[in-house]
Novice: 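Below you'll find the structure I mean.
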Amino acid sequence: MRVSEIWIYPVKSLGGIRLKEAKTEKKGLQYDRRWLIIDENNTFITQRVFHQMALIDVALEKDGLKIFERNNSENNITVPNEPVSGETLSVKVWDDVVEAVTVMDEADVWLSSQLGQNVRLVMMPESTERKADPKYAQNGEIVSFADGYPFLVISQASLDDLNTRLEEPISMIRFRPNFVITETLPFEEDQWKRIRIGDLDFEIVKPCARCVLTTVDPATGQKGAEPLKTLASYRRINNKVLFGQNLVASNFGIVREGDALEVVE
């Protein structure tokens, strides 16, 4: 079994970036979901409601992020790693209220224009410690602006199995994993408790319950019924549709595309 793809999503709910290697940190992969778009109530927004967010991409630059319209890349804004406006706000992500810092007024204007409402871009400072759900993450693990946990793994075989059941195959990006694994059986990841990628150890804490975000086509921003409709027919447990596994890290370092995955438990 090997890592075939590594992904980060620097701005929550905007486009992902595939990497050859990435640094693992307590909150997740470096740069992963460290930025967040909030509304006028300082509450996070996502593709669940704003489907057009699927059409905004992000690239890592030397000193920050380039955020751009996928179908018109000349329409873009560059956001520095170090916030310019730097106003501290309390922002809401699901049930959590955490401190974040505004980034730059120009980014707020650009994103507001793209999304058709007043929004702001904020960044999670190192000092903010948002706790993962202690019911599953037992050692006080912290997380970025990701929905619940620092890392998400899915096997390619699980997606392949799903695609045999769909009229139109879909890409893995619908599910926004950090790690894609090859050479497994479909849903073999459901049986894992602890894994090692290269020389890094991870603990599987809970299956990932999927939501309507997976029904937004990342290529078009259009919403449909799939894949949730089909997944619900064979992956529904306790009224939740499960696909992929959430992880926490036991140690930290570099994970690389092609690294071997070993099931420890």
Side-chain angles (χ1 to χ4, degrees), residues 5-93 98-128 130 143-147 150 173 176-178 213 216 218-221 254-255 257:
E5 299 176 27
I6 301 169
W7 288 86
I8 60 171
Y9 313 86
V11 182
K12 183 178 178 71
S13 232
L14 298 190
I17 302 172
R18 185 175 176 180
L19 301 175
K20 291 294 184 183
E21 63 177 47
K23 180 181 178 184
T24 63
E25 299 177 339
K26 288 182 179 180
K27 294 174 182 175
L29 292 179
Q30 185 180 30
Y31 305 120
D32 188 35
R33 297 167 174 106
R34 300 305 200 275
W35 288 264
L36 181 73
I37 301 173
I38 58 171
D39 65 15
E40 292 178 298
N41 297 314
N42 293 355
T43 298
F44 81 119
I45 67 170
T46 72
Q47 288 180 37
R48 292 170 181 85
V49 176
F50 295 90
H51 308 328
Q52 65 268 42
M53 292 174 79
L55 303 179
I56 302 176
D57 280 334
V58 181
L60 290 178
E61 307 239 303
K62 182 180 178 183
D63 298 315
L65 302 178
K66 179 181 176 183
I67 305 175
F68 59 98
E69 189 180 340
R70 181 180 308 142
N71 297 321
N72 179 20
S73 60
E74 292 183 4
N75 183 15
N76 65 77
I77 185 83
T78 299
V79 174
N81 282 330
E82 293 300 320
V84 175
S85 49
E87 177 189 350
T88 300
L89 301 175
S90 292
V91 303
K92 187 170 185 182
V93 183
V98 298
E99 280 200 348
V101 178
T102 63
V103 179
M104 62 187 293
D105 295 343
E106 294 90 339
D108 299 342
V109 171
W110 190 90
L111 286 164
S112 297
S113 173
Q114 294 298 305
L115 299 176
Q117 78 161 45
N118 289 330
V119 298
R120 301 181 84 178
L121 181 70
V122 297
M123 180 183 185
M124 179 179 280
E126 284 300 312
S127 57
T128 291
R130 179 180 171 231
V143 63
S144 64
F145 290 127
D147 278 350
I173 203 67
R176 300 175 77 83
N178 295 116
L213 193 146
V216 178
T220 65
I254 303 295
V255 61
E257 196 174 286

Novice: Quick one: do Leu29 and Leu19 satisfy side chain to side chain contact (heavy atoms under 4.5 Å, CB included)? Show the steps, please.
Specialist: CA-CA 11 Å; Leu29 292 179; Leu19 301 175; 5.9 Å; no

Novice: First locate atom CG of Asn81, then atom CG of Leu65, and finally report the distance between them rounded to the nearest 0.5 Å.
Specialist: 6.0 Å

Novice: Measuring only between side-chain heavy atoms, which start at C-beta, is Gln114 closer than 4.5 Å to Leu55?
Specialist: no

Novice: Between Asp63 and Thr78, is any pair of side-chain heavy atoms under 4.5 Å apart?
Specialist: no

Novice: So which heavy atom on Ala54 is nearest to which on Val216, and how close?
Specialist: CB-CG1, 4.2 Å

Novice: Would you say CZ of Phe68 has more than 12 non-hydrogen atoms from neighbouring residues, nucleotides or ligands within 6.0 angstrom?
Specialist: yes

Novice: Is the shortest heavy-atom distance from the side chain of Met123 to the side chain of Val79 under 4.5 Å?
Specialist: no

Novice: Of all the heavy-atom pairs spanning Ala100 and Pro125, show the shortest one and how long it is.
Specialist: CA-CD, 4.0 Å

Novice: Given Asp39 and Gln117, is the side chain to side chain contact (heavy atoms under 4.5 Å, CB included) satisfied, shown in steps?
Specialist: CA-CA 8 Å; Asp39 65 15; Gln117 78 161 45; 3.6 Å; yes

Novice: Are the side chain of Asn178 and the backbone of Trp7 linked by a donor-acceptor contact shorter than 3.5 Å?
Specialist: yes

Novice: Less than 4.5 Å apart, any side-chain heavy atom of Lys23 and any of Ile254?
Specialist: yes

Novice: Answer yes or no: is there a donor N or O on one side and an acceptor on the other, between the side chain of Gln47 and the main chain of Ser13, under 3.5 Å?
Specialist: yes

Novice: Heavy-atom count check: over 12 atoms from other residues, nucleotides or ligands less than 6.0 Å from Lys66 NZ?
Specialist: yes

Novice: What's the separation between atom CD1 in Ile17 and atom OH in Tyr31, rounded to the nearest 0.5 Å?
Specialist: 10.5 Å

Novice: Does some side-chain heavy atom of Glu257 sit less than 4.5 Å from a side-chain heavy atom of Arg18?
Specialist: yes

Novice: Do the non-hydrogen side-chain atoms of Leu60 and Ile8 ever get within less than 4.5 Å of each other?
Specialist: yes

Novice: So which of Arg130, Arg48, Arg33 actually passes salt bridge (charged side-chain N to carboxylate O under 4.0 Å, His left out) with Asp147?
Specialist: Arg48

Novice: Say you draw a straight line from CZ of Arg34 to CZ of Phe145; how long is it, rounded to the nearest 0.5 Å?
Specialist: 10.0 Å

Novice: I'd like to check Asp32 versus Tyr9 (side-chain heavy atoms, cut-off strictly below 4.5 Å). Are they in contact?
Specialist: yes

Novice: Counting only heavy atoms not in Glu82, do more than 12 fall under 6.0 Å of its CD?
Specialist: no

Novice: State, yes or no, whether a side-chain contact exists between Ile56 and Trp110 at a heavy-atom distance under 4.5 Å.
Specialist: yes

Novice: Look at the side chain of Lys27 and the backbone N and O of Thr128, then say whether any donor-acceptor pair between them is shorter than 3.5 Å.
Specialist: yes

Novice: Using 0.5 Å steps for rounding, measure from the CD1 atom of Ile45 to the CE atom of Met53.
Specialist: 4.5 Å

Novice: Please output the side-chain donor-acceptor pairs of residues 101-109 that fall under 3.5 Å, not counting sequence neighbours, one pair per line with the distance.
Specialist:
| residue | atom | partner | partner atom | Å |
| --- | --- | --- | --- | --- |
| Thr102 | OG1 | Ser85 | OG | 2.8 |
| Thr102 | OG1 | Gly86 | N | 3.3 |
| Thr102 | OG1 | Glu87 | N | 2.8 |
| Asp108 | OD1 | Leu121 | N | 2.8 |

Novice: Measuring from Asp57:CG to Glu69:CD, what's the distance to the nearest 0.5 Å?
Specialist: 10.0 Å

Novice: What pair of heavy atoms forms the shortest contact from Pro10 to Gly15, and how long is it?
Specialist: CD-O, 4.4 Å

Novice: Roughly how far apart are Ile37 CD1 and Leu111 CG, rounded to 0.5 Å?
Specialist: 4.5 Å

